[in-house]
Every structure is written in structure tokens, then in C-alpha cells.
Amino acid sequence: MTEHRYDPKAIEARWQRVWASEHTWEVANEGAEGREAVNSSYVLEMLPYPSGEPHIGHLKCYAVGDAIAHFRRRTGHRVLHPMGYDAFGLPAENHAINTGVHPRVSTAASIASFQRQFRAWGISIDWSRELATHEPSYYRWTQWIFLELYRSGLAYRKEAAVKWCPHDQTVLANEQVVDGRCERCGAEVEVRQLEQWFFRITDYAERLLRDLDEIDWPEHVKTMQRNWIGRSEGAEVSFTCEELGIVYPVFTTRPDTLFGATFFVLAPEHPDVMRLAAGTPYEREVHDYINHALTESNEERGAAERPKTGVPLGRTVTNPVNGEQLPMYVADYVLMEYGTGAIMAVPAHDERDYEFARVFDLPIRRVIAAETGASEQQTGDDALPYTGDGPLIDSHPDFDGLPNREALELIVDWLQREGKGHATVSYRLRDWLISRQRYWGCPIPIVYCDSCGVVPVEPDELPVQLPDIEDYAPKGRSPLAAAEDWVRTTCPACDGEARRETDTMDTFVDSSWYFLRYCDARNDEAAWDPAALSEWMPVDQYIGGVEHAILHLMYARFFTKALADLGHLDFQEPFASLFTQGMITKDGAKMSKSRGNVVSPAAIVERYGADTARCYVLFMGPPDQDAEWSDEGAEGMHRFLSRLWRLTGEVAERLDAGGSAPAASNPVQHNGGDPDVQLLRKAHWAIDKVSADLRRFAFNTAIAAVMELLNDCSRLREQTSAQTLGYALQTAGSLLFPFAPHLGAEIYERLTGDRVWEAPWPHADPALLERDVYELVCQVNGKLRDRVSVSSDAGPDELKRRCLTAPNVRVHIDGKEIVKEVVVPGKLVNIVVR
RNA sequence: GCGGCGGUGGCGGAAUCGGUAGACGCGGUGCCCUCAAAAGGCAUUGUUCGUAAGGACGUGUGGGUUCGAGUCCCACCCGCCGCACCA
């Protein structure tokens, strides 16, 4: 029996050698017609950030992607399935600060470790297209894209209040601040007024929103992006401070409530606040309030439940719809970042304004009545603030009595005619702040010249190489600023003295276009050949963690649209279909070193082999859901593969001994009810099931189907021929190949002599899927009472008769009146009695 | 508060179109093999009543539609995720 022992190490090493030496998974570009000629398919998993070793989440992600890639290859697709590394980033740089080891060195070590693991997992990667974003041959083109965006005005520099992480000593994009904290290190961010580089992603807000309808993405990811973009329709309305002669536009989604405005509020950061308060009795108080607001953390200020605070400004503005004078306030519940940093306050119909009005004892004027037929509760003053719909009241004779939604449009029209406002759309999305005061990133290809100002580096001078430095420690400015020799340069425009931009780019810039580079990864002349893109893009199936739902996925979509507008791409969306895999947890929590609950894929592969590890992470549950790691579960998967392997060995020996031909085709006629036919039917049922499950990403049930097939093989092994068993097991190996490629290939070869990846995906014979006999479910009043075996071609009357004569049915209908009979051929008969 | 997703045995989960709830796996129990153990094999395993045949109950809660509901509808409870003083 020892020769039947399942030895994954030997099996896996053997096939990995074959795939490496034969470059099995490489695919060549065949030009524009390539896409038409063969069914091209681009399957891509999000590129990993190489740090230490891959974790179990990587294993799951690549196991999912590889299963799809294999399935597509064997169903007639030419599959592009590349791999690369998101190699710039803070962890390597922080490591350098602590140890002095150059980030390039530690990154190279991590990449080597990732490569080793990916090969050990047997992932079918086209290694000829491998890339890493920190290589000059890659970031040269990142810089080129930056220049393209700069040229078209989509990259620009401006001074703004930006988020600063005191721990990482760099500014952050809005998307990288979560609950007022740095997404990476968790430090509370501060606001600083700094001049920084931005990408004009807000120009694309509408298209980023609209095109979500065109792509096959999980609804929750689309929802997150929609929330993030935060589109709201409304109007901009001008209020005028007559004393100072300044016009203040405000954004409101409720112009229908304009007649109910009773005060006016500016954000503490609003540049006019001090000017307005100057010379009023409130000057001192306003000054203190602003200072306090500015020093307060985001978190304190963001707490929704805190009581409203504010200070009067001692001024008024005129309400454009009725000329009323509204007192002005400064209050921190108004945000400078959204709208215009100023609001009209309608306490009767807005909860926040209502709260503020109660605190400051300001008038509350109801201008929208409750809908007709509304309860007493909604009509009285207790019902305020009222945010529902209803007819306008106490507003203006032209509008009173109109439903508010109708009035809203008429009021906006009227404002527009009077030049006091206009309909507009506001977005929550801000421009993408991309400069970072850190070393290990892509240099921004810009120089500053005293005479010419900001000057882009000439494209043929790229890449602007990242220089080696001595001291990586951030000091509030980029460590690059200390590399004097590198900073000092000549101006591309006038040849005079100039200084280089010392900030580097956000690493999300690097990963916003890598999927394009894979299509033409070795091109030294250009970022890509358009023909290569039209052959592969857009990515047919993208796979990755949901944690990138906003950041990476929004940035990549923006890049794609911007590059398309610049004439470099002929498609609008990078990822036609997206799959987000769930997290693997341990002890009910996310794995982390500090919790000490990390399951190392390397250890699992070492112990059970890659096939067990891959199958288990796919078997744990639906791949898009979180799943709890279980050592016993992994053990169980290993048992299954061992049993499959042992039985294959046994059957192969029986076949060898009998001198039989390989069991490559259906070995028996399917004419009877004998065990051979039963097993053959099971095999075809499994083919059908696994094929359907692969199409819907149900890997767990696909693997379960192969388990069922093996269970039947074991159960029927004494009663079936070696040929039938061989055929069933060969099918099992073939079906398991996308999940367990090494064992699948080994079994298939042992039984057929062929290479499974060169064999087409098995086809389920419809004749074998049909049953000639089935168990008819017999119900009485919807309750299961008996089962009888019936012929598949039995008609409704026959089925009814068989059900009525079933012994346990008779017990339950005896002495009762039959009211109705429901016959569902192929399923059941339900007898309704009274 | 708004939006999204989910709630099924001891556990992970299955049930694809309204038609046998609990596939498959883990765990448990009994047995076989063994000097013994490991490994492996066989059987069994929703709860409950019953010697059994069989019955009752059972998919978060309460209603409803239907011959029939885990699945559809209404109301609610709980959990997770995202957004949140966004005007």
C-alpha cells in the first residue's frame, strides 16, 4: 500500500518543473485580430504589495483567479493571466528607516519570496510579462502618464487645506483618511495649508458615477463608489451681505424651503469670517471660536451627537426670495469642504438647523405642510423638523399650495430668471492629492525654474530616476530634498538653474495603470502598443479584496477615462467584471501579527501541499464571503485528495494488469440500471455541476460535487469495472484541475496518458443526465408522506395513480375528501384533502 | 440616521425557477483492522415522542399569499460592512 501514499511534494514539484520549462502559461500578442480570431480572455487578480511573505488572503485571491483562468483556457479561450508587484510604498521605507537596508534590497527579497510561493502554489502565470512598479522601466511610464495629465490640465498644483499624517510625515488623499485617521498607520490626521499636486478626478465625477451602470460589479462596491462620489442635485442661491457688499452663494438641495430660512451660517474655515466679525461686538468671541474649531481634531468635531455650537457674526444677509434680513453665524457644523462653506438655515425642515435654532433661540418657520391625510402628529409643531414632502405654505402666493417638489423646480426657474441662483449639482468627491513627502515612490517629473516657473521634464528625458540617499527619515519634507546633487538640475525650457520636485507620487498612481502595461510589458518605446490593448483590454475578470472598493478601483477607472480622453485608449472602463473575495479570519478576527492568529500559507503548503491549501480555501464557503479558518477543515481536504489519489492508484493498477487501453472515453453503453451506468451517470452529473458552478464562482459546491463523485467511486468500486472506475476518476481529476492543478494533472495522466490542460473541458452527455427512473415525492396537504419510484416518461395520470396508491399516502387520505391534486412531473404529487 | 449584505444542525455551509430542508466537509458516537496506537475503513448523526412502523416540531420573530414558503409580500429583532453634521 505504501506506493499509493499521496505525496504532494513530489507530484507538485514534478508538474511545476514541466510548466516552468515549457512556459506553458505564456501567451503571445497576436495583434488586433488576435481578439477576434480566438476568444481572448484577460483574467487578473489585483497585484500584491510585496512585503515579507504572501498571506492566506493572497492564496485565496490567486486560487480564485487561477481556477477561472484554467476553466477559460479549457473552454476555448486564449487567456492572459499575468503577475506583478506594487513595489513602492511605506512599509519598505519604514523598514529602511529602522534598519538602514535600502528599500530596493528589502523589496527585492520580498518579491523573490512572493515569486517562490506563487510557483509553489502552481498558479498558472505568464511570467514573461512580470513587472514591478518600482523598476525604472515601469515608472518611466508612470511619469509619462503624469506628464500627459499635466499637459491636459488634469494634474495641477495648488495650495489647499490638506490632510497631514504626523506619524508617516506626509500628506494623504481624502480617500486615505478613515474616521479622521491615517488609513495606513492609524494616526490621527491634522489639517495643514500646503501646496500640493492634485489630479482633477472631480472633472470625471459624473462619468465615474454614470458608467457604474455599465459594468458587471458587485452591487455593494458600486454603492460604495456612488456614496463616495456623493452626487446631489440642488441649486446655488446667492445671499448678499449689504453692509459689506459681498455675495455669498450657498448650495442647497432644498430650494423649496428658501422661504423658511431664518438664519445663515458660515464654516469656521470660511476665509471671510474674521472680516465679517471685524468691528462688531462679537469680534473677540468669533476669533476664539475659530481658533478652537481649527485646533479641534476631526474626530471630536465629526461626532454627530455633540451639541451645536456657534457664535453670531453681528451681520445679516438678504434672503433673495423675500428680501428678509437673516442673522449670520459661524458654526462648526458647517463644513468648508462641502458646497461653498456657507449655508442657508431652515430650522423647520432640517434637523441640524433645527437643533442650532433651539440652542440659540432662533425663529423656526414652517413652510411645508404635512401631506394631506397625514396624522395629527405630523401637522403640529411637535412634528418639526419636518423633512418630508407636502404643499408649500406661508411662502409666496405663486407657490403656496403647490406640492414642494413641483415648487422646487419653479423656484429654481424663478431664481435663474432673476439672476439670483441656478440649478446645480454638487459632489462629495474631492480632487486626488497625489504628492507625498516620502522617499520610496515614483518621482514627480517636474522641475522648478526661477525664470520659467513650473516646468515638466521632457518625455525623452524619462525616467527621472529615484536617487539613492543616506537618510530615509522623513522630516516634514521629502527625504529627497536632501539629495542636493539630484535636486539641482537644469531647466528643460531655458537651460538655466532649476530644482527638481522632491515629492513622490502616491503609490496608488502606480497601480492605476499596471493592467495596461501587462498587455505589452516589454515595450521600451512606449507605455503600450495600442494594438496590444485592443487585443486584451478591458480586463474580462478582475479579482481582489473589497478593501480596494473605493481607492484603487476608483483611481484606475479615472486613469482609464482620462487616458481615453487623451486618445491613448479606446475604452472607458478598465474592469468589465469584478469579483471581490471575502476575508479569511481566524478565531473570529482578521489575521494579524499582533493578534498572533496568523495562518501561514507556506506552512500549510509544506504540510499538506499546495493542492490541499488551494482547494480548502475555495471549499470554506462562498468565495465572496468571509470565512473562518479551521485546521480540521484543511485536514479534511487533505484526506479527500489522499483518498482520490489512493483509489486512482488502485484502479490504474487494475487497468495496467488487465492490459486495458486508457480509460479516456465512455467505457460502457448506458442502457441499464447496473452500477457501471450509475457511476457513469454520476460522472456526467459532476461534469454538469462543476461546469455550472465554475461559471457562477461557486467553487465550494463544485469541489463538493467532485467529492460526491469520489464517494460513489468508493462505494461502487467492487461492483463496477476498472474501465468505468478509471473513466470516473479521470473525470474527477479533470474537473478538479482548476482547483488542484498538480493532482488533477497527475491523475489524468496516470489514467489517460494525456496532459489535462491540453484536453478540452469535459462535456456532459445530455442522455446521461436524464434519469429513466426517479423518486416521486408524494405529499398530502403539502406534507411529505411517501416516495415511490416512477418511470421518467410516466404521464400526470400515472403519477397521480402511483401517489394515491402509495401505502403511507393512503393512511393519510383514508376517509377524507380529496379536494385537489397538484401534479408536478419530475418532482411530486400533492393530494389536498379535507 | 442613510445605503448595502446577511441570520439554516454542535460548527463551516448546501438547497441555481415557489416543490424531498440540512448536499459536501468538520466535529461527535459505535464498530472493524491492530499486541496497542496512528493511519485507514464501515455505520450512524437536526430536535423530540415511539421497541418499531411512524408521528410532531424545525431555516431570527410575528403576520400574510399559496395545494405547497428557507425562497415571495408586510411589519419587526439581531449581526456585519460602507457612508455619515454632505446643507
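Below, read A as the first sequence line, B as the second, and so on, with proteins coming before strands; counting in each chain starts at 1.
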Under 3.5 Å, N/O pairs linking protein and nucleotides 53-59 of chain B:
from	atom 1	to	atom 2	distance (Å)
B:G55	OP1	A:R785	NH1	3.2
B:G55	OP1	A:N808	ND2	3.0
B:G55	OP1	A:H812	NE2	3.4
B:A56	OP1	A:R785	NH2	3.3
B:A56	OP2	A:R785	NH1	3.2

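- With both ends at atom P, the span from B:G9 to B:G82 equals 27 Å, rounded to whole Å.
- For the P atoms, the distance linking B:G63 with B:U71 amounts to 15 Å, nearest Å.
- Across all strands shown, B:A21 has no partner, as no Watson-Crick or G-U wobble contact with both distances under 3.5 Å is found.
- Listed nucleotides B:G27, B:A87, B:G41 differ in distance to A:R639; the shortest reach to its side chain belongs to B:G27.
- Two residues are said to be in side-chain contact when any heavy atoms from C-beta on lie closer than 4.5 Å; A:I368 and A:H349 meet this criterion.
- The nearest pair of heavy atoms linking A:Y555 to A:Q176 is OH-NE2, 3.9 Å.
- Base engagement by A:N830 is indicated by at least one non-hydrogen atom pair under 4.0 Å involving a base atom.
- The separation between A:W629 atom CH2 and B:G27 atom P is 14 Å, rounded to whole Å.
- The partner of B:U71, taking Watson-Crick or G-U wobble pairs whose two distances both stay under 3.5 Å, does not exist in any strand shown.
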(Q) Quick one, A:D389 with A:R405, criterion salt bridge (Lys or Arg N to Asp or Glu O under 4.0 Å). Give me CA distance, side-chain angles, the key distance, then yes/no. (A) CA-CA 7 Å; A:D389 290 333; A:R405 296 285 147 196; 3.0 Å; yes

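- Taking the ring axis of A:Y338 as reference, the NZ or CZ atom of A:R428 does not stay both within 45° of it and closer than 6.0 Å to the ring centre.
- Base orientation at B:G9 is syn, since its O4'-C1' glycosidic dihedral falls within 90° of 0.
- For B:C49 and B:A36, the C1' atoms lie 42 Å apart once the distance is rounded to whole Å.
- Nearest-nucleotide mapping onto RNA chain B: of A:G636 and A:I550, the residue sitting toward the 5' end is A:G636.
- The side-chain tip of A:K308 does not point at the ring of A:F356 from less than 6.0 angstrom away and within 45° of straight on.
- In this structure, B:G30 forms a base pair with B:C42, meeting either the Watson-Crick or the G-U wobble geometry with both donor-acceptor distances under 3.5 Å.
- Taking the P atoms as reference points, B:C78 lies 24 Å from B:G70, given to the whole Å.
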Please enumerate all protein N or O atoms sitting under 3.5 Å from an N or O of nucleotides 11-17 of chain B, with distances to 0.1 Å.
from	atom 1	to	atom 2	distance (Å)
B:G12	O2'	A:M620	O	2.8
B:A14	OP1	A:N700	ND2	3.2
B:A15	OP1	A:R696	NH2	3.1
B:U16	O4	A:K689	NZ	2.5

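- When distances are taken from the side chain of A:E632 to each of B:G19, B:G27, B:C85, the shortest belongs to B:G27.
- Using cut-offs of 30° and 60° on the angle between ring planes, the pair A:F263 and A:Y329 is perpendicular.
- Across the C1' atoms, B:G46 and B:G27 are found 15 Å apart, a figure rounded to whole Å.
- The interatomic distance linking A:H220 (NE2) with B:C83 (P) rounds to 13 Å, in whole Å.
- If you look at A:F579 and A:F697, their ring centroids are closer than 6.0 Å.
- Under 4.0 angstrom from either OP1 or OP2 of B:G19 there lies no side-chain N or O belonging to A:K827.
- Applying the 90° criterion around 0 to the glycosidic angle, B:C17 comes out syn.
- Separation of the A:H638 and A:Y616 ring centroids does not fall under the 6.0 Å cut-off.
- Side chain to side chain, A:T309 and A:Y333 fail the donor-acceptor criterion of an N or O pair below 3.5 Å.
- Separating the CD atom of A:E219 from the P atom of B:C5 is a distance of 8 Å, rounded to the nearest angstrom.
- Because its NZ or CZ atom is not both nearer than 6.0 Å to the ring centre of A:W432 and within 45° of the ring axis, A:R557 does not count as a cation-pi partner of that residue.
- Within 6.0 Å of CD in A:E351 there are 12 or fewer heavy atoms belonging to other residues, nucleotides or ligands.
- Applying the side chain to side chain donor-acceptor pair (under 3.5 Å) test to residues at least two apart or on different chains, the pairs with a partner in residues 582-591 of chain A are A:T585-A:E628.
- To the nearest angstrom, C1' of B:C81 lies 13 Å from NZ of A:K590.
- A:E821 comes within 4.0 angstrom of nothing in the nucleic acid, heavy atoms only.
- Just one residue in the list A:V809, A:T805, A:V780 forms a side chain to side chain contact (heavy atoms under 4.5 Å, CB included) with A:D786, and that residue is A:V809.
- A:V824 meets the side chain to side chain contact (heavy atoms under 4.5 Å, CB included) test with A:V822, A:K827, A:L828; sequence neighbours excluded.
- Taking atom CG of A:L710 as the reference point, atom P of B:G40 lies 14 Å away to the nearest angstrom.
- Nearest-nucleotide positions on RNA chain B place A:E635 closer to the 5' end than the other of A:E635 and A:D353.
- With both pairing distances under 3.5 Å, B:A14 is matched to nothing as a Watson-Crick or G-U wobble pair.
- In this structure, A:E708 places its CD atom 13 Å from C1' of B:G22, rounding to the nearest Å.
- Of the side-chain N and O atoms in A:S232, one or more sit less than 4.0 angstrom from OP1 or OP2 of B:A87.
- We find that CG of A:N227 is positioned 9 Å from C1' of B:A84, with the value rounded to whole Å.
- With sequence neighbours left out, the side chain to side chain contact (heavy atoms under 4.5 Å, CB included) criterion links A:T701 to A:K689, A:D693, A:R696, A:A698.
- Summarising the geometry, the separation between CZ on A:R226 and P on B:C5 is reported as 12 Å, rounded to the nearest angstrom.
- Atom name C1', nucleotides B:G64 and B:U16: the rounded distance is 27 Å, in whole Å.
- Comparing B:A84 with B:U65, their C1' atoms are spaced 38 Å from each other, to the whole Å.
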Q. Reading nucleotides 42-52 of chain B from the 5' end, what letters show protein touch, with B for base, S for backbone sugar-phosphate only, - for no heavy atom under 4.0 Å?
A. -----------

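- In this structure, B:G3 forms a base pair with B:C81, meeting either the Watson-Crick or the G-U wobble geometry with both donor-acceptor distances under 3.5 Å.
- Spacing between B:A69 and B:G30 at atom P, rounded to whole Å, works out to 39 Å.
- Using a 4.0 Å heavy-atom distance criterion, A:V777 is classed as a base contact.
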